[in-house]
Amino acid sequence: MSARADPTLMKEIGLFGAADVSACFNCGNCTAICPLSKGDTVFPRKVIRYLQLGLTGQLEESPEPWLCYYCGECSATCPREAHPGEIMMATRRWLISRYDWTGISRLLYTSKAWEIGLSLVLGLIVVMLFALLHGPVVTERVELNTFAPVPSIETADWIVAALMTFFLLTNAGRMFRFTMRGVKAGLSVYLSEISTFFVHMLFQKRWRECHGPKIHWLKHFLLVTGYLTMFFLVFVFLPWFQTDGWNVSSLFGYYATAVLLYGTVDAIIGRLRRREEIHKHSHHTDWMFLFLLFSIALTGILVHVFRVVGLPHATYYAYVIHLAVDAPWLILIVPFGKWSHLLYRPLGMYLVSVRARATSTAAAGGVVPNPV
Amino acid sequence: MNVRAATRVFDTLVIGGGIAGLQTALDLADLGLSVAIVEKDASIGGKMIGLSKVFPTLDCASCITTPKMAAAAHHENIRIFTLAEVSSVVRRGEDFTARVTLKPRFVDEDRCIGCRLCEYACDADVADDFEGGLSSHRAIYVPFTNAIPQIAVLDPEECNLCGKCVKVCPTDAVVLDQKPREIEIEVRSVVVATGFETTPMGARSEYHGNEIANVISPLTMERLLAPHGPYGRVLRPADGKVPDSVAFVQCAGSRDRSLGVPYCSRVCCMYAIKQAMLLSGSLPFADITIYTMDIRAFGKGYETFYHNASAMGIEFVKGKVARIDEVDDRNVEVRVEHIDERGQVEERRHDLVVLSLGMLPAADLRDRMPIGVSADGFVTVPKPTIEPCRTTEEGVFVSGTAAGPKDIVDAIAEAGAAAMAVSVYLKKKEPEGCAACAVTAGSDTP
Amino acid sequence: MSRDEVKIGVYICHCGGNISDRVDVAMVAEEAGKLPDVVISRTCMFMCADPGQELIAGDIERHGLNRIVVASCSPSLHETTFRSAVVRGGLNPFLYEHVNVREQVSWVHASGRDATAKATTLVRAAIARVRHHEPLSPIKVGASSRALVVGGGVAGLRAALDLAGFGLPVSLIEKSPKLGGRVEGLGTVFPAGESGAELIRTLVEQVSAADEITVLTRTHVTGATGYVGNFSVTVSRDTGNSSAIETEIKAGAVVVATGSTPYRPVEGEFGFVRFPEVVTLPDFLRILDQARSGGALTVNGRSIRRVAFIHCVGSRQIEGIHEPKPDCSLNLNCSRVCCTATLKAGSDLIERFPGTYVYDFYRDIRTYGRGHEEIYERASADGVVFLRYEVGAPPQVTEAAPGDAGSMLVTVRDSLTAGMEIEVAVDLVVLAVGMEPAEVGALAQTLKFPSGADGFLQEVHPKLRPVELAVAGVVLAGTCQSPRDIEESCASASAAAVKVAGLLTRGYVELEPFVARVSAERCEGAGACVSQCEYEGALKVVEAEVDGQTVRKAVVNGALCTGCGACVAVCPTRAIDISGWTLDEFEAMVDAICADPMEVAGD
Amino acid sequence: MKTDRILILASAACAYPGADAVGQAHLSYPANTFVLRVPSPVVFPESFYYDSFEKGIGGIIVMSCGVECPYEGAYEKLAARLDRVALGLREREINPRRLKLTSICTVCTKSFLKEVTDMNKVLAAEGVAA
């Protein structure tokens, strides 16, 4: 059965930020220059090829986009200036929208207006909720926990977290289904490879195999640690973290905000300068991601500073704004937007290793004839 | 030859004494027109004289080039200026005046008899560029076996001023205090035949062309294959080992926007196949691989040539080599996506790797003469289809690779076309005359 | 010439290893040097280079040589080179003998010992022959200054214009009713996108304005006789009312610009003929040229939204894979222009009819020329999707199911997608057909034009004499020689014109002196020779007074004799011979070949 | 006297370039072959063939242009002559297969090789080592 070429996918991927798919003349330079491209998982050309031919099914099944860390070497050396690195990036965006069954991802990625509009609506909802439901406003001193009682916030936290997790997990489930189409692996295989998932999630180990300076990896690693720290502070340790005084959790808060600020500012400057390959192309969702993350860090610091300095109103306003930017972040960007790569990337890596293990086991067991 | 007189008059100035310039000059001279060939090197012959054998006939390149060189040198209507560079061409009414700088040869051209006694006496060794730097010549030397003129030239950078050459010269031809001279040539038409240079070896940093000794240029491979070349056989430069595995990396200097050379250089596929065939002749047990994006065997008989190479066991791998590194024992590793039904990334080791470099224009004449040059650096041809040799300036024509990459067959055909265009142009300028009447041999011809 | 006057110089060329890799050239020279009257016997790296030539000239002067033998490559390459070197040494050029020890020795015999022995024998034979050589002079005959250009396509027009521009009278004949050839139907042409018809119009206007050019359309050659400088070509002009006018054109040289025709696929090849949706590229270019832009391209009332182009149809064929034509021939070679033309057509199609999807099935993309790679890039930018097939697995063209996105399906194992089988639905399939030589007809038959295995006319040597045919005075312009684009056709046409100009400006040509000559002493006037001669006026028996007696003697007209030698074989008294190719010479060579070289070595 | 030497009389217009083409293609054949370039083999009288065999030539291959011969009627005359020579050889008790007339074009490399191989087989059958 032959695969049917579909000429419309190239245009579709253009909406996700890949402008030059057709410029590729399939020389294979990108695939061969990439140190991560080896064995059975070769990219970016394979992905570009699926795009050129419009092989939507094959593309959905491809974990390869998640194996690329976008060092940009392929783009810098591409003889046709087809920007394969950016095509991989766009394909990741497209995949996120394919995994997402709600269609929200697609809206965010393909429409600036929808992304900004939805973010504003969510922010306004937060502001309105506060306007209607906030606790007593103590003006003599800063009493944030009175203005925004931890149990309420925690409840909201958990609602959001539940929603987020639901969408993320159902989408990840779809990714799993796409990627493992036609692959049979026993539970033991899945269990034996589970460490892969966590190692890659926490350390982005593969990135270190990329050529060139390791600084990009380091920056990203710090950003991830900062982000995860903040995540746990807010979702698990909120009662300790959101206090009106100082406690040891603040130390973690300092670290997290510092690396988040540094990371986002550094990325924003990079994207404005457009010197390195990874910063040459910016999709509107990239800007939104950085803007929200930067705003979260900045407003978080402001809340803390105002509270420490003892400015009650400023603290409360800053807090509302802080949560108003948190909302679109948590509700849009995390499950439906760029953040989700934090889940899909290690999951992709995990599924690749499961697939490899399954294939080799099957081959060894004589189920599938060894091709060699 | 007398080159002292200040001004000379010719019908045509041919800039460049490579195969295209020579062919144009010969065709013009056969029509009775007087021609001055200005060649920047010490010998005419251009790039072709350095080649081993040429596709698709596998004739030796010298066998084609040297007779044309000799014919030009002996032709009564042709004057050759070597070590001469055109510094400007200015239009004067219907005609042109070319200022030509004669670089010092430090040897009197009229006296030198090419006996090479000076060369044998000289102690200073210089890397021989003609041999790809793989062997050396003396500081005073006759450029190469078939050079025309067979006259010694002294390299002032490398000369240690010992004076031995002066003493041994039987005709007192060595003149150590020669200075550059300017002459003027008045002509009625000009042919630009300045040819090409290869893309630099270091153009693509991932290939480490200037850093790995066993990664060589195709012109060096030509010399290795030439039986009268530096080693007389094929050895790899780093350690003199006989290579068991040789690879050719195609499009190493063309069809690559990241190098600023988007165009196809037109000859690299065929010269690589030719070199591969010659190699498999001299090293019958060596594995030979050609890494290529598309094989462009488009000329008459070229496809059969390519097919024969495949049949001989030369391996063609579709895929652009992305990276070349030196590994153990001075071997060379290439990384490539093998674009076939398996579609794997492969790291393959070879003893010797040839970068199939492309063609860049050898001379930028924009500031020296009234002539249009395109974005690719080659001479602009405003109407390439039906007037392939006309430039933007009336009376100025182009021949060979100065107007874009070309193989020898096409360059020679175009050289003939340039000669035709020149002669028709001169005819038009002189409605009453005939070609034979228009003969105005060099004014200083004795 | 008596024996003691003969002084022979023998030169063995290394040919930069081409010869010396197999043949022990030093040993050959040594053996030759042992033979009587051989004064000099040398080897040289490159005999044809200036130092080698000067060596001969110098030795003639220094050693008083009067016979020269050079053993090197084929005489077709350098016999004339060495003859001119001999002249520079002050000797008659025909006191020279050429030995071919490259094409017929070193390149064909694997054993160095055998090759050396054979080369030695051949040199001995040449030495035996050269003793018999006598000074000869070329036969100078007046030449017509008119050039005949056969074929009024772009190459013929270019050549005619060049020759007329040089002041030579030109007859330009074209078999179809109008000048222009195939370029006119190409629409816009690469690299610059000019209109082909416009280019032709420019050239035709110039041709019409040139007084030197006589144009004859609807005219074809029916026969030709003569030789360089004096061809006589009969042409037949179709007047349209079933009567044809026969004329004779006297010309000094002939430019063959008969062009090429597109390959016509056989029925069923990629669905050709079987499906009306399958057309050739030239047909498609005509459709595109005549269509009005915007909306969708319409072909036979069907609107075309998706198009497949298939490359290398009738080109780059391989024995055992492709079906040969009825005459058992295959086109092994690349047709050179189809890649760029196809890509340009794809781009033009998309740009003129936005929303059209184009698929391109190729083996290698060969956009080699200046500005051609840009056309490939443009096609990519326009969204042409490329699929690559291996020669053994060409795309399959079948009918699509009703209601599919297109009426045809093209299926291929795509080597760019790891051999995955890909199928596309299209409305039109365009076959990028190769070029085949056009029928040259009576001209080629009567003047015996050589053609190569590919059927195209064969030049003497692609680099030494790239536009000349082995028939002296006949040159090649354009695609009758091999596939090429307009630029290359015009370049070759001008290059051909410059050779003709060089030939015809002098008013005379020099013919080779290898014609029959009669020994007056031996000839008894029997006339057997005359009965053998096919060339009217070349040979006759005349009566002459010798010592008061009327005797009959054969007499040769050198300008008309072709030197075939038919007369030589039948002379009962061995009175007639071909100058430079005498029976004595051949017999001397056979004697030398029969002498055992090993015995000679022991001498 | 019989040797393995093969004399090849090759027409300058077709067969000689054909023999060159064999070299250009770097094909291989035995070295007992001696090619004489002639304008047309029609030049040789019958006696030339008898004498050559007498002198010790093993086999003669006459490679003409065939019907493509650039000279009017030369091929027909040549063919007729060689028919007569064949009869003459029989009279002289020389195997007429030691003389062969063939047409070789400028690109007939395969035919050239075949003729050489065939003649060597004839000579081998005659008891002459090739």
Side-chain angles (χ1 to χ4, degrees), chain C residues 73-77 98 100 102-111 113-119 121-122 125 445 447-448 450-454 458 460 470-471 514 532-535 562-571 574 577-578 580-583 586-587 589-591 593-596, chain D residues 1 3 5-10 12-14 16-17 19-48 51-52 54-58 60 65 68-74 77-78 81 105-109 112-113 116:
Chain C
C73 55
S74 169
S76 67
L77 298 174
H98 195 100
N100 182 351
R102 193 178 78 167
E103 281 82 351
Q104 297 182 8
V105 179
S106 66
W107 278 356
V108 288
H109 304 316
S111 148
R113 230 179 107 238
D114 288 357
T116 305
K118 177 170 167 182
T121 305
L122 288 175
Q445 282 148 25
L447 289 182
K448 314 280 182 198
S451 48
D454 54 5
Q458 187 72 36
V460 176
V471 181
F514 307 127
Q532 295 287 308
C533 184
E534 304 274 347
Y535 299 93
T562 58
C564 71
C567 53
V568 176
V570 298
C571 180
R574 268 183 91 148
D577 248 320
I578 304 296
W581 300 93
T582 65
L583 282 181
F586 286 116
E587 286 173 358
M589 289 173 90
V590 174
D591 289 339
I593 289 166
C594 289
D596 190 346
Chain D
M1 185 163 128
T3 67
R5 263 159 242 178
I6 299 171
L7 192 64
I8 296 175
L9 307 175
C14 315
Y16 194 87
D20 279 351
V22 176
Q24 278 148 14
H26 294 261
L27 302 167
S28 174
Y29 57 90
N32 62 335
T33 40
F34 299 90
V35 179
L36 296 194
R37 184 166 57 128
V38 292
S40 164
V42 77
V43 75
F44 298 111
E46 288 171 46
S47 59
F48 177 84
D51 293 349
S52 296
E54 189 72 18
K55 287 171 187 172
I57 292 292
I60 302 178
C65 298
E68 297 292 313
C69 177
Y71 304 109
E72 295 284 330
K77 292 187 190 96
L78 171 70
R81 178 168 307 127
C105 70
T106 52
V107 290
C108 294
T109 52
F112 180 94
L113 294 177
V116 170

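Lettering follows sequence order; numbering is per chain, from 1.
- For the set D:Ser28, D:Ala21, D:Ala74, the entry with the most heavy-atom pairs within less than 4.5 Å of chain C is D:Ser28.
- Remark: the backbone N or O of C:Pro75 is not paired with any side-chain donor or acceptor of D:Tyr16 at under 3.5 angstrom.
- Nearest heavy-atom pair across D:Ser52 and C:Val590 is OG-CG1, 3.9 Å.
- Residue C:Tyr535 touches chain D through its side chain alone, counting heavy-atom pairs closer than 4.5 Å.
- Looking at every heavy atom in both residues, D:Ala19 comes nearest to C:Gln104 through CB-NE2, 3.4 Å.
- Here SG of C:Cys564 is found 6.5 Å from NZ of D:Lys77. Values are rounded to the nearest 0.5 Å.
- Contacts with chain D were tallied for C:Ser74, C:Cys73, C:Ser106, C:Ser451; C:Ser74 has the most, counting heavy-atom pairs under 4.5 Å.
- Only the side chain of D:Leu36 has a heavy atom closer than 4.5 Å to any heavy atom of chain C.
- Put simply, SG on C:Cys594 and CZ on D:Phe34 are 9.0 Å apart, with the number rounded to the nearest 0.5 Å.
- In terms of heavy atoms, D:Gly23 sits closest to C:Val108 at CA-CG1, 3.5 Å.
- Residue C:Ala470: no heavy atom, backbone or side chain, is found under 4.5 Å from chain D.
- Taking C:Thr562, C:Asp577, C:Leu122, C:Leu447 one by one and counting their heavy-atom pairs under 4.5 Å with chain D, the maximum is reached by C:Thr562.
- Atom NZ of C:Lys448 and atom SG of D:Cys65 lie 9.0 Å apart (nearest 0.5 Å).
- Residue C:Gln532 touches chain D through both its backbone and its side chain, counting heavy-atom pairs closer than 4.5 Å.
- Both the backbone and the side chain of D:Thr33 come within contact range of chain C, each with at least one heavy atom under 4.5 Å from a heavy atom of that chain.
- How far OG of D:Ser47 is from CZ of C:Arg574: 6.5 Å, rounded to the nearest 0.5 Å.
- Residues that satisfy the side-chain contact (heavy atoms from CB on, under 4.5 Å) test with C:Cys567, not counting sequence neighbours, are C:Ala516, C:Cys529, C:Leu539, C:Ile576.
- Using cut-offs of 30° and 60° on the angle between ring planes, the pair D:His26 and C:Trp107 is tilted.
- Chosen from D:Leu9, D:Leu7, D:Val38, the residue pairing most often with chain C at heavy-atom distances under 4.5 Å is D:Val38.
- Among C:Val471, C:Val570, C:Ile578, C:Val568, the residue with the largest count of heavy-atom pairs under 4.5 Å with chain D is C:Val568.
- Considering every non-hydrogen atom in both C:Glu534 and D:Gly73, the closest pair reads OE2-CA, 3.9 Å.
- For the atom pair CG of D:Asp51 and CG of C:Asp591, the computed distance is 9.0 Å after rounding to the nearest 0.5 Å.
- Of the atoms belonging to C:Ser111, not a single heavy atom falls under 4.5 Å from chain D.
- Contacts of D:Arg37 with chain C are made by both backbone and side-chain atoms, with heavy-atom separations under 4.5 Å.
- Heavy-atom minimum distance, C:Glu103 versus D:Asp20: CB-OD1, 3.3 Å.
- We find the CZ-CZ distance between C:Phe586 and D:Phe44 to be 4.5 Å, quoted to the nearest 0.5 Å.
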